[in-house]
2 protein chains.
Amino acid sequence: MANISDIIEQFILKTLGEDQSVDISRNELASFFSCAPSQINYVLETRFTLDRGFVKESRRGGGGYIKISKINVEDDNYMNNLILESVGDDLSYKRLYQILEKLTYEKIITKREADIICASLNDESLAMPFTVKDSIRARAFKNVLTTLLLYKED
Amino acid sequence: MANISDIIEQFILKTLGEDQSVDISRNELASFFSCAPSQINYVLETRFTLDRGFVKESRRGGGGYIKISKINVEDDNYMNNLILESVGDDLSYKRLYQILEKLTYEKIITKREADIICASLNDESLAMPFTVKDSIRARAFKNVLTTLLLYKED
DNA sequence: AAGGTTTGACTTTCTTTGACCTTTAAAAAG
DNA sequence: CTTTTTAAAGGTCAAAGAAAGTCAAACCTT
């Protein structure tokens with residue numbers, strides 16, 4: 001955790017807190033952390049992604065800003081979207097991991113459940129050629145999500 | 001004895017101590033012991049294996065690290081036995097299902113967790129040739145069981 | 001000779017930096 | 001009041017840097 005990106009990520013998460021969104025100023029943040037402004041973009045691109053449940057919006061020019069919003073995972077749209085589109089036909093382990101983090105954070109699954117899914121679908125478990133691996137993972141994970149949806153009914 | 005690998009092993013074990021995990025920096029360790037960085041990998045591969053109850057996780061790039069976690073293998077004969085013998089190198093879906101029923105009945109896992117494992121490792125998810133399927137399932141399920149051992153602490 | 005160790009060259013992944021680009025609000029000019 | 005200019009944002013992309021991973025050859029031990 002010695003890299004700036006992680007620190008900035010934590011800072012933004014903390015600033016967000018329980019709120020649904022925050023506005024940040026790219027340049028201010030960058031100068032606060034004494035880093036290149038594009039570093040902020042890097043953090044946003046790698047950490048505040050849709051998979052992890054964030055949506056961004058920004059505006060340039062005077063009084064510009066970047067707004068980071070948490071998406072509402074409550075309703076089944078998020079899960080349905082994951083199943084139908086977001087996951088797609090291929091799913092890397094990394095991406096799976098990020099999605100699981102989000103689902104855990106939103107308390108849709110427990111940490112233990114996330115770990116179970118991870119263990120069964122990581123690269124070591126799925127010991128097979130690259131090309132097939134990601135597609136098997138996608139298929140299997142969609143099945144898991146579908147199973148979870150069944151539990152949401154109650 | 002007296003070879004660097006053993007010394008590094010001891011050092012890591014000592015650093016671990018009673019803790020459940022440690023973070024190490026491959027390059028730092030290597031330069032501390034004046035050895036090639038890949039020597040560290042060698043030590044990890046030969047000494048901190050799953051069989052011996054260790055799980056590893058790492059990250060490259062700036063601020064990279066290697067995390068070594070210890071799993072509690074204590075006295076859990078049933079799970080250990082499952083991992084080492086019962087499951088074996090091949091595992092049919094039927095057999096998996098039976099084991100999951102047993103684990104659920106014994107309250108080692110919840111029904112929901114069983115369903116999740118089922119969903120991710122059933123024949124539909126693992127869409128691949130028969131010959132490979134059962135061996136992938138065995139491997140994956142063993143990983144799941146190992147992960148569950150991590151939770152046996154509490 | 002066999003098996004475990006050690007080393008180093010090469011690869012992959014992730015992060016950091018900086019130069020250059022685009023958009024926009026506000027100010028200046030007409 | 002409209003148009004033009006300017007400065008203040010944010011965006012993009014590629015190169016450099018910082019780890020860790022891999023693999024095979026050389027080296028020891030028994």
Side-chain angles (χ1 to χ4, degrees), chain A residues 1-12 15 21-52 54-69 91-98 101 122-124 127 129-131 133-134, chain B residues 1-12 15 21-52 54-69:
Chain A
M1 206 333 201
N3 64 32
I4 297 193
S5 291
D6 287 339
I7 294 170
I8 296 175
E9 175 189 9
Q10 292 309 311
F11 178 84
I12 295 176
T15 314
S21 73
V22 255
D23 280 26
I24 63 172
S25 148
R26 189 179 79 141
N27 288 343
E28 265 181 33
L29 246 197
S31 84
F32 181 70
F33 285 106
S34 316
C35 64
S38 54
Q39 179 92 51
I40 307 299
N41 296 83
Y42 177 71
V43 172
L44 296 182
E45 274 157 31
T46 54
R47 274 94 165 150
F48 294 84
T49 61
L50 199 72
D51 290 347
R52 294 189 181 188
F54 296 97
V55 179
K56 290 154 286 177
E57 176 194 337
S58 67
R59 187 116 155 246
R60 307 185 185 187
Y65 62 87
I66 300 175
K67 182 194 283 273
I68 304 167
S69 312
L91 180 64
S92 69
Y93 172 69
K94 197 197 246 171
R95 197 129 175 275
L96 168 66
Y97 189 83
Q98 290 173 352
E101 270 187 331
N122 66 23
D123 283 332
E124 198 197 318
F130 243 131
T131 40
K133 199 183 283 198
D134 286 358
Chain B
M1 195 23 132
N3 65 37
I4 296 196
S5 291
D6 288 337
I7 294 170
I8 296 175
E9 175 189 9
Q10 291 309 312
F11 179 84
I12 295 176
T15 314
S21 74
V22 255
D23 279 26
I24 63 171
S25 148
R26 189 180 80 142
N27 288 344
E28 266 182 32
L29 246 197
S31 85
F32 182 70
F33 286 106
S34 316
C35 64
S38 54
Q39 179 90 52
I40 308 299
N41 295 84
Y42 177 71
V43 173
L44 296 181
E45 274 157 32
T46 55
R47 276 93 164 152
F48 294 83
T49 61
L50 214 97
D51 298 351
R52 298 193 185 185
F54 295 97
V55 178
K56 291 155 285 177
E57 178 195 334
S58 68
R59 201 152 126 203
R60 307 184 187 187
Y65 62 85
I66 300 176
K67 182 195 283 275
I68 304 167
S69 312

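Keep in mind that what you see is a predicted model, and the values were worked out from it rather than measured.
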Is the shortest side-chain heavy-atom distance between [X] and [Y] below 4.5 Å?
{"X": "S69(B)", "Y": "K67(B)", "result": "yes"}
{"X": "L91(A)", "Y": "D134(A)", "result": "no"}
{"X": "F33(A)", "Y": "I7(A)", "result": "yes"}
{"X": "T15(A)", "Y": "I24(A)", "result": "no"}

In whole angstrom, give the distance that lies between atom [atom1] of [X] and atom [atom2] of [N].
{"X": "Q39(A)", "N": "dA19(C)", "atom1": "CD", "atom2": "C1'", "result": "16 Å"}
{"X": "E124(A)", "N": "dG21(D)", "atom1": "CD", "atom2": "C1'", "result": "15 Å"}
{"X": "D123(A)", "N": "dT13(C)", "atom1": "CG", "atom2": "P", "result": "11 Å"}
{"X": "Y97(A)", "N": "dT13(C)", "atom1": "OH", "atom2": "C1'", "result": "17 Å"}
{"X": "E57(B)", "N": "dA19(D)", "atom1": "CD", "atom2": "P", "result": "18 Å"}
{"X": "I4(A)", "N": "dC14(C)", "atom1": "CD1", "atom2": "P", "result": "18 Å"}
{"X": "I8(B)", "N": "dT5(C)", "atom1": "CD1", "atom2": "P", "result": "12 Å"}
{"X": "E9(B)", "N": "dG4(C)", "atom1": "CD", "atom2": "P", "result": "15 Å"}

Which pairs pass salt bridge (Lys or Arg N to Asp or Glu O under 4.0 Å) with one or both residues in residues 36-48 of chain B, sequence neighbours excluded?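 Qualifying pairs, neighbours excluded: D6(B)-R47(B), E9(B)-R47(B).
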Just by distance, do the side chain of S25(B) and the backbone of E28(B) share a donor-acceptor pair under 3.5 Å? yes
For K56(B), which contact category applies under a 4.0 Å heavy-atom criterion: base, sugar-phosphate, or nothing? nothing
Base, sugar-phosphate, or nothing: which does I40(A) touch, judged by heavy atoms less than 4.0 Å apart?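 Result for I40(A) = nothing.
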So which protein N/O to nucleotides 27-30 of chain D N/O distances come out below 3.5 Å?
none

How would you summarise protein contacts on nucleotides 3-12 of chain D per nucleotide, using B for base, S for sugar-phosphate only and - for none, with heavy-atom distances below 4.0 Å? -----BBBBB
Polar contact flag, side-chain donor to acceptor under 3.5 angstrom, Q39(A)-S5(A):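 Checked: Q39(A)/S5(A) side chains pair up, N/O donor to acceptor below 3.5 Å.
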If you find the nucleotide of DNA chain C closest to V43(B) and the one closest to C35(A), which residue's nucleotide is nearer the 5' end? V43(B)
Can you list the steps and then say if L29(A) with F11(A) is a side-chain contact (heavy atoms from CB on, under 4.5 Å)? CA-CA 10 Å; L29(A) 246 197; F11(A) 178 84; 3.7 Å; yes
Given dT16(C), is OP1 or OP2 found less than 4.0 Å from the side-chain N or O atoms of S5(A)?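 So the side chain of S5(A) is within the cut-off, an N or O lying under 4.0 Å from OP1 or OP2 of dT16(C).
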Taking it one step at a time, do L44(B) and I12(B) satisfy side-chain contact (heavy atoms from CB on, under 4.5 Å)? CA-CA 10 Å; L44(B) 296 181; I12(B) 295 176; 4.2 Å; yes
Proximity to the side chain of Y42(A) - top-ranked nucleotide from dC14(C), dG4(C), dT17(C): dC14(C)
